[in-house]
Every structure is written in C-alpha cells, then in structure tokens.
There are 2 protein chains.
Amino acid sequence: MSAGRRGGLADEIVAYVRGRILAGDMKPGEKVDQDAIAEALDVSRSPIREALVILGQEGLLDVTPRRGAFVASITREDVIDHYELFGLVSGRVAALAAERLSDSEISELRLIHERFEAATGEDHSKLNNEFHRLINTAASRRTRWLLRHLERSIPAGFYAFTPGWTEQAHTGHDEIIDAITRRDADGARRAMEEHLHAAGVAAADALTERGFWQDAS
Amino acid sequence: MSAGRRGGLADEIVAYVRGRILAGDMKPGEKVDQDAIAEALDVSRSPIREALVILGQEGLLDVTPRRGAFVASITREDVIDHYELFGLVSGRVAALAAERLSDSEISELRLIHERFEAATGEDHSKLNNEFHRLINTAASRRTRWLLRHLERSIPAGFYAFTPGWTEQAHTGHDEIIDAITRRDADGARRAMEEHLHAAGVAAADALTERGFWQDAS
DNA sequence: GTTTTGAATTTTGTATACAATATGTAATTC
DNA sequence: GAATTACATATTGTATACAAAATTCAAAAC
C-alpha cells in the first residue's frame with residue numbers, strides 16, 4: 001500500500017480482495033491467507049483482519065473462528081436470488097417513487113436516461129448509479145441503507161456494462177420511467193423487479209465469463 | 001473476559017456493546033471509547049476494533065476513519081421501517097411456504113404454535129424462533145442469509161416478550177398458519193407483513209421504555 | 001498398504017508498541 | 001470579550017510480538 005495513506009487501509013484491502021474474488025482469481029472454497037495478503041500489499045495483518053471481517057459480513061467470505069477465512073461457495077442460484085431480493089426492495093421503492101417524485105425530479109430522471117443512451121463505456125455505470133440513486137430518494141433512510149448493503153454485497157453493481165447489457169438496461173430504464181411518469185406505482189414495481197432480474201442474469205453470466213463458480217483444476 | 005476463551009472474542013464484545021446500546025446505556029451520538037471497553041472487559045483493542053467494524057456494518061454504529069465510532073442516531077421511524085423491510089422479505093417467504101411446505105411440516109408448525117401458547121417467559125422467544133425458522137426453510141439460501149442479517153441488525157429480535165406482545169404475536173402466528181394451511185400464498189404474505197409491522201411497533205415501544213432515542217440529560 | 005499418533009511447522013487470535021492524527025486547553029491577538 | 005493560534009494530551013490506526021490452536025508430515029502400529 002505504497003501511497004501515503006493515513007487511515008482506512010481496511011477499505012482498500014476490502015476492495016482488493018473483493019476484486020480478486022470477483023475476477024475469478026481466488027476460487028470458492030479457497031483459503032484466504034492473511035500473511036499472503038500482508039506480503040502482497042505490504043501491510044500488517046491488523047487492517048487485513050478488519051477487512052476480512054467486513055467481507056465476511058458481506059457474504060463473500062466464510063469466516064470460521066480458529067480456522068480462518070475461505071472464499072464463499074456462491075452458486076449461480078445465489079446470485080440470481082440476490083438480485084431477486086434486490087429487486088423486491090427496489091421494486092417497493094420504485095412504487096413509492098411513482099407516487100412521491102415531483103414532476104421536476106421525473107424530468108431530471110429522463111435527462112439522466114437520455115445521457116445514458118448517448119454515453120459510452122465507463123460513463124454507463126456512473127449514469128446507471130445516478131438513475132437509481134434519484135429513484136431511491138423516494139425511499140426511507142433505512143431502505144436506502146439496506147439497498148447500499150445489497151448493492152455492495154456479493155456480486156452486485158460490479159460487472160462491466162457490456163454492449164448487450166447496456167441495451168437491455170436502457171430498455172428496462174425506459175419502462176421504469178414510463179410507469180413512474182404515468183404515476184403507475186404497481187407498474188413501476190413490476191418494471192423495476194424485471195429490470196433487476198435481468199441484471200441478475202447478466203451478472204451471473206459475467207461471472208461465468210470470468211471463470212467464477214468453481215475451480216476446474 | 002474472564003473465562004478461558006480461545007477465539008472469537010470479537011463476537012462477545014459485539015454482544016456486549018450491542019446490549020449496552022439497546023439497553024439505552026449508551027446514547028445515540030455518544031462516542032464509543034475503545035480504551036474504555038478494553039478496560040471494562042479486560043481485553044486488548046484488537047478484538048474490540050473487529051467488533052466495532054461488525055457493529056458498524058450492522059448500522060448500530062457510525063464509524064468514521066480517523067475519528068472513531070459513535071452510536072448511530074436511530075429514530076423510531078428507522079425501527080418501524082426496518083421491520084417493514086423485514087416484513088417485505090418475510091412476507092415473500094411466507095408466500096413460498098404456503099406453496100412449498102409439506103403437510104407434515106405444517107403440522108409441525110402448528111405444534112410449535114400450540115407450545116408457544118402454553119409456554120411462559122423465556123420459552124416464548126425460543127419457540128418464536130422455531131416458528132419462523134421452520135417457515136424460512138421454504139426460502140432460498142440467499143434469502144435466509146438476508147433474513148439472518150435483518151434479524152440481528154438494529155433492534156430486531158431482541159426485545160423481551162412482554163405479556164401484551166406475546167398475545168399479539170400469538171394472534172399473528174395464528175393468521176399466518178391459517179393462510180399457509182389454506183395454501184393461500186397471498187394471504188400468508190399479508191399476514192406475515194402485518195405480523196412484522198406489529199412487531200416493529202412493539203420493538204419501538206420497548207426501546208422507548210428503555211430510554212432509547214435520546215439523552216434527556 | 002492403510003491408519004494412527006505425535007512432534008514440527010504454520011497460522012490464527014490477542015496483546016503490546018509505536019506513529020500519526022485529532023481533540024482539548026491555554027495563551028495571544030484583534 | 002470573542003476568535004485564533006500553538007502546544008499538550010488523548011485516541012486512533014498500523015505494526016510488531018507472543019501465545020495457542022490447527023495443520024502438516026513422517027514415523028510407527030496394525
């Protein structure tokens with residue numbers, strides 16, 4: 001950890017380990033060696049242990065008291081299901097948004113949506129975040145808290161926006177906006193649930209691409 | 001931490017701090033002093049820091065990089081909302097249970113329910129857990145994972161079964177069982193959502209009783 | 001040949017030590 | 001007198017040290 005970091009090393013280590021797992025670099029069931037990370041990143045085990053605790057809470061690691069941390073054995077079903085749950089909560093929020101968002105907020109949403117359509121590469125992820133974040137302003141504090149957790153937990157909101165998925169996402173956003181504009185709460189819920197289900201499939205496919213799931217050694 | 005503990009001190013510290021917060025002993029906004037806990041429990045700061053990370057993830061503490069951990073300012077609305085979300089997920093599981101539980105499992109559920117009715121004091125919490133756990137067998141692995149988190153997070157599943165709440169819980173369970181027996185998925189969902197909403201109100205009231213929310217100093 | 005047992009080694013968990021930042025207090029300035 | 005600055009203190013974050021448990025591997029027993 002070369003840069004003159006002054007605090008919050010654990011967060012960087014979390015990002016590092018999560019990245020390696022999601023990249024398919026560390027396989028499910030594999031042991032996470034604290035000393036190995038310590039050497040790789042040139043840090044002590046203190047912040048590493050805190051990072052492993054966080055990843056354990058997120059569900060990416062199984063942490064057993066005296067045995068250590070292991071990469072969780074996540075199945076395709078887990079990922080699909082995770083997004084389904086994400087959709088359950090997001091759907092409720094979308095329904096609220098259809099009722100509570102002001103007209104000007106809806107205009108802003110549409111603007112973000114149009115920029116998404118025109119955008120390229122990296123920007124898609126950023127604009128996607130903006131899109132969902134604006135909708136989520138309709139949710140309670142606690143709901144937003146839960147969404148944040150679901151988002152960073154497991155393989156959510158990480159995968160690259162591949163050409164195919166970008167197109168699909170655009171269609172999904174389109175339907176969501178339409179329903180919200182119509183003030184159709186139930187339609188917004190359904191559209192959001194379907195959108196996130198599709199996102200789950202896309203995420204699972206992306207993980208398959210990366211050689212996630214199991215070790216073919 | 002007198003007993004000859006061999007590993008997993010952090011979990012005990014989590015329980016200790018969470019207990020103190022939920023008991024209204026540590027007030028929202030108050031700083032959590034690592035040294036103070038270290039002295040009180042006679043442990044080093046290493047496991048304490050891991051405990052604070054966990055409690056931060058749970059939402060009971062606000063942890064800021066170089067400033068320390070503070071008791072989160074949880075409002076009554078947060079608690080109500082938390083249970084609402086809990087109900088959203090549990091409701092979906094109840095709907096699944098109405099479709100998927102075998103007849104013998106439903107009989108078992110009814111048995112637990114009858115024991116709950118007859119039970120006294122401490123047993124209510126245990127039987128309540130059994131009741132919900134059996135229903136949750138109908139859920140996917142990931143859903144159970146989320147429920148576990150929602151359950152231990154914030155003030156959920158902690159409060160004492162006061163006479164009034166026990167009665168209310170019994171009524172709620174009754175309706176849930178009826179709907180499941182009728183194989184009425186949507187009815188089970190509604191019954192579960194209502195049950196957990198009532199639980200949220202009960203929890204919020206219990207916290208009020210304990211002098212939670214704010215410091216009247 | 002397989003299983004069991006028992007040290008040697010590795011790795012985790014906790015404690016302590018040290019460095020850097022934040023906090024609190026008092027003196028100084030306007 | 002209020003605000004600001006400089007210094008002293010306290011507290012956090014990270015590194016290192018040490019103790020205990022788990023894993024490994026080889027020798028011995030069956």
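Order of the sequence lines sets the chain letters (A, B, ...), proteins ahead of strands, with each chain counted from 1. Because the structure is predicted, anything quoted here is derived from the model rather than measured.
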Would you kindly say whether [X] and [Y] are connected by a side-chain donor-acceptor distance under 3.5 Å?
| X | Y | result |
| --- | --- | --- |
| B/Trp213 | B/Thr208 | yes |
| A/Ser104 | A/Ser107 | no |
| A/Asn128 | A/Ser125 | no |

Counting only side-chain N and O atoms of B/Ser44, is one of them less than 4.0 Å from OP1 or OP2 of C/dT14? no

In whole Å, I'd like the distance from the [atom1] atom of [X] to the [atom2] atom of [N].
| X | N | atom1 | atom2 | answer |
| --- | --- | --- | --- | --- |
| A/Glu50 | D/dT14 | CD | P | 7 Å |
| B/Asp42 | C/dA15 | CG | P | 8 Å |
| B/Asp33 | D/dT11 | CG | P | 5 Å |
| A/Arg49 | D/dA15 | CZ | C1' | 14 Å |
| B/Gln34 | C/dT21 | CD | C1' | 14 Å |
| A/Asp35 | D/dC18 | CG | P | 16 Å |
| A/Ile37 | C/dT12 | CD1 | C1' | 13 Å |

Return the orientation label for the A/Phe131 and A/His113 ring planes: parallel under 30°, perpendicular over 60°, tilted otherwise. tilted

Mind checking salt bridge (charged side-chain N to carboxylate O under 4.0 Å, His left out) for A/Glu193 and listing every partner two or more places apart, or none if nothing turns up? none

Protein-nucleic acid N or O pairs under 3.5 Å, nucleotides 22-25 of chain C:
from   : atom 1 : to      : atom 2 : distance (Å)
C/dT23 : OP1    : B/Arg67 : NE     : 2.8
C/dT23 : OP1    : B/Arg67 : NH2    : 3.2

Base, sugar-phosphate or nothing for A/Val32? Non-hydrogen atoms, less than 4.0 Å.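 Touches sugar-phosphate only.
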
Would you call A/Glu50 and B/Arg49 a salt bridge, taking side-chain N to carboxylate O under 4.0 Å as the test? yes

